[in-house]
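Take a look at the structure set out below.
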Amino acid sequence: MRTLIKQHLSQNQIAPLKALLQQIRGWYLPSIPLLHQGLYHLHLAISRGIHCILQKCYFTPMFISRLENRPRQLQLDCGMPQILGELNIHLGEQCRLSGISTFCGRVWGKQTPQLIVGDNVDIGWQNILAIGTKIQIDNNVRLASKIFLAGFPGHPLEPQARAAGKPDTEQQIGDIHLCRDVWLGTGVMVMAGVTIGAGSIVAAGSVVTCNIPPGVLAGGNPARVIKKLEY
């Protein structure tokens, strides 16, 4: 009986303490409009200034040192892309690249993979470019976010070979070519051996397993031509 009374008393003591802690967690210093608006804009100015200095004086020069050429105009945001494996990269003029992206070259081939990017190309946030032999992106191409260009799969088809840790085979890899003025929506996957014709648009979330003709809107899994575009 005494034990039950003690437990009841302890629970009654803990409940107000929990309520007080919840109130403290939700408490904050009252906002003073003029003061905190000024602090907010000062914070943005300082953070943007630091970001600009890092991009122009640190990340961009380091990234350009990894390229086969030296573009005169390049807009690189949020750091610099992660580069994995041996890879030759040629980058055109006036490109805009997200630093939160990955360029990966297949390491088991006899030749060094090539990534060739034309002029005025956007490569967005969280793009992954896996280059088996070559990925070519022509002028004026737009890649939205979370796009995967899968030039090689990374693993063989046979389960015994996968279990043994063997690499993919030469028959599984292929070039990818995005022709002039192509636009890939968010989350598009393009498989090895695919060419997407000039001016075509691929809808968000599509999986492209075969060639897409020029001047069309395509979408779905697998992607199919939906309609022709004026191009």
Starting at [atom1] of [X], measure out to [atom2] of [Y] and round the result to the nearest 0.5 Å.
X      : Y      : atom1 : atom2 : answer
His155 : Lys166 : NE2   : NZ    : 15.0 Å
Asp175 : Thr133 : CG    : OG1   : 3.5 Å
Ile147 : Leu143 : CD1   : CG    : 4.5 Å
Ile53  : Tyr58  : CD1   : OH    : 14.5 Å
His41  : Arg48  : NE2   : CZ    : 9.5 Å
His90  : Asn69  : NE2   : CG    : 3.5 Å

Any sub-3.5 Å donor-acceptor pair from [X]'s side-chain atoms to [Y]'s backbone N or O?
X      : Y      : answer
Thr102 : Gln82  : no
Ser47  : His43  : yes
Gln172 : Thr169 : yes
Asp181 : Val141 : no
Asn221 : Val207 : no
Arg162 : Leu157 : yes

Closest heavy-atom contact between [X] and [Y]?
X      : Y      : answer
Arg66  : Gly85  : NH2-O, 3.6 Å
Pro81  : Leu97  : CG-CD2, 4.3 Å
Ala203 : Val188 : O-CG2, 3.3 Å
Ala198 : Cys179 : N-CB, 3.5 Å
Pro113 : Gly132 : CG-O, 3.7 Å
Gly118 : Cys95  : O-SG, 3.1 Å

Exercise for the section: Report the C-alpha distance between Leu229 and Ile201 in whole Å, list the side-chain angles of each, state the deciding distance to 0.1 Å, and finish with yes or no for side-chain contact (heavy atoms from CB on, under 4.5 Å). Expected result: CA-CA 9 Å; Leu229 302 172; Ile201 299 172; 3.8 Å; yes
Any side-chain heavy-atom pair of [X] and [Y] under 4.5 Å:
X      : Y      : result
Leu76  : Ser98  : no
Ile128 : Leu149 : no
Pro71  : Gln73  : no
Leu184 : Leu178 : yes
Phe63  : Leu91  : yes
Val216 : Lys227 : no
Arg142 : Arg96  : yes
Leu74  : Thr60  : yes

Exercise for the section: Would you please say whether a donor-acceptor pair under 3.5 Å links the side chains of Asn140 and Asn120? Expected result: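 Present: a donor and an acceptor within the cut-off.
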Consider only side-chain heavy atoms of I, L, V, M, F, W and Y, link residues closer than 4.5 Å, and tell whether [X] and [Y] are in one cluster.
X      : Y      : value
Leu67  : Leu129 : yes
Ile173 : Phe103 : no
Trp125 : Phe148 : no
Ile137 : Phe152 : no
Met189 : Ile123 : no

Problem - Option from Leu115, Ile89, Asn88 for which side chain to side chain contact (heavy atoms under 4.5 Å, CB included) with Glu68 holds - result: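 Of Leu115, Ile89, Asn88, side chain to side chain contact (heavy atoms under 4.5 Å, CB included) with Glu68 is met by Asn88 alone.
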Does [X], at its [atom1] atom, have more than 12 non-hydrogen atoms belonging to other residues, nucleotides or ligands within less than 6.0 Å?
X     : atom1 : answer
Glu93 : CD    : yes
Leu34 : CG    : no
Arg72 : CZ    : no

Practice task
Start with the C-alpha distance between Val117 and Gln136, add both sets of side-chain angles, then the distance that settles side-chain contact (heavy atoms from CB on, under 4.5 Å), and finish with yes or no.
Solution key: CA-CA 6 Å; Val117 180; Gln136 181 171 338; over 6 Å; no
Handout entry: Audit row: Ser200, Trp183, side-chain contact (heavy atoms from CB on, under 4.5 Å) steps and yes/no
Key = CA-CA 7 Å; Ser200 286; Trp183 176 21; over 6 Å; no
Problem - side-chain contact (heavy atoms from CB on, under 4.5 Å) between Asp77 and Gln75, worked out - result: CA-CA 7 Å; Asp77 291 321; Gln75 182 178 331; 3.3 Å; yes
Problem - Note: Asp168-Arg106 ion pair, threshold 4.0 Å (strictly below) - result: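 The answer is yes: the pair qualifies as a salt bridge.
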